[in-house]
Amino acid sequence: QVQLVESGGGLVQAGGSLRLSCAASGRTFSSYAMGWFRQAPGKEREFIAEIGWSPYNTYYTGYADSVKGRFTISRNNAKNTVYLQMNSLKPEDTAVYYCAAGPKLKSYDYWGQGTQVTVSS
């Protein structure tokens, strides 16, 4: 079983930055694909970013159009941690942000409990 714990959320003004962290435990981390999602009140959960291995045996990253150029996903396998650096935040980024893990991209079997991000105008 894999457990994920998010941290780093909070209140920030528009244009500011936050870095979210997701600590994983329970199984080998380095071979897992990792993703970030968010969910605003009354809305569906939305894909934000993902990171995994490409056929060239290196990390692949992908982003939703809404955050491309502003958010960066990264991972530190030695610390079993994945990060989401969020810059140029907008009020529409306000949501609960969730970390996810799985054996490959788009196959996320494990989820954290989420961390709240609130961006004021």
Would a hydrophobic clustering, with Ile, Leu, Val, Met, Phe, Trp and Tyr connected at side-chain separations under 4.5 Å, put Tyr83 with Phe37? no

Output the distance between atom CD (Glu6) and atom SG (Cys22), rounded to the nearest 0.5 Å. 5.5 Å

Side-chain contact test, heavy atoms from C-beta onward, threshold under 4.5 Å: evaluate it for Val82 versus Cys99 and give yes or no. yes

Heavy-atom check, side chain of Met34 versus side chain of Tyr108, under 4.5 Å: no

Tightest non-hydrogen contact, residues Ala14 and Ser121, listed as CB-CA, 4.4 Å

So, do Ser17 and Gln85 sit near enough that their side-chain heavy atoms are less than 4.5 Å apart? yes

Any chance you could measure Ser7, atom OG, to Leu20, atom CG, to the nearest 0.5 Å? 8.0 Å

Which heavy atom of Leu4 sits nearest to which heavy atom of Ala24, and what is that distance? CD2-CB, 3.6 Å

Between OG of Ser88 and CZ of Arg70, what distance do you get to the nearest 0.5 Å? 7.0 Å

Could you state the interatomic distance from CE (Met86) to CG (Asp93), rounded to the nearest 0.5 Å? 7.5 Å

Would you say the side chain of Tyr60 lies within less than 4.5 Å of the side chain of Glu50, judging by non-hydrogen atoms? yes

Could you measure the distance from the CG atom of Leu84 to the CZ atom of Arg19? Nearest 0.5 Å is fine. 10.5 Å

Working to the nearest 0.5 angstrom, can you tell me the gap between Trp36 CH2 and Thr115 OG1? 7.5 Å

Pairs under 3.5 angstrom only: tabulate donor-acceptor contacts from the side chains of residues 39-48 to other protein residues two or more places apart or in another chain.
unit_1	atom_1	unit_2	atom_2	d
Gln39	NE2	Lys43	O	2.9
Glu46	OE1	Arg38	NE	2.9

Return the set of residues passing side-chain contact (heavy atoms from CB on, under 4.5 Å) with Thr118 (not counting sequence neighbours), or none when no residue passes. Leu11, Thr94, Gln116

According to the interplanar angle, ranging from 0 to 90°, do the rings of Tyr32 and Tyr110 count as parallel (below 30°), tilted (30 to 60°) or perpendicular (above 60°)? tilted

Could you report the tightest heavy-atom contact between Ala49 and Tyr63, atom names first, then the distance? CB-CD2, 3.6 Å

Applying salt bridge (charged side-chain N to carboxylate O under 4.0 Å, His left out), can you list everything that pairs with Lys90, at least two apart in sequence or on another chain? none

Just wondering, do Asn87 and Leu18 contact through their side chains at under 4.5 Å, heavy atoms? no

Can you find a pair of side-chain heavy atoms, one from Phe71 and one from Ile73, that are under 4.5 Å apart? no

Could you tell me if the side chain of Pro103 sits less than 4.5 Å from the side chain of Asp109, heavy atoms only? yes

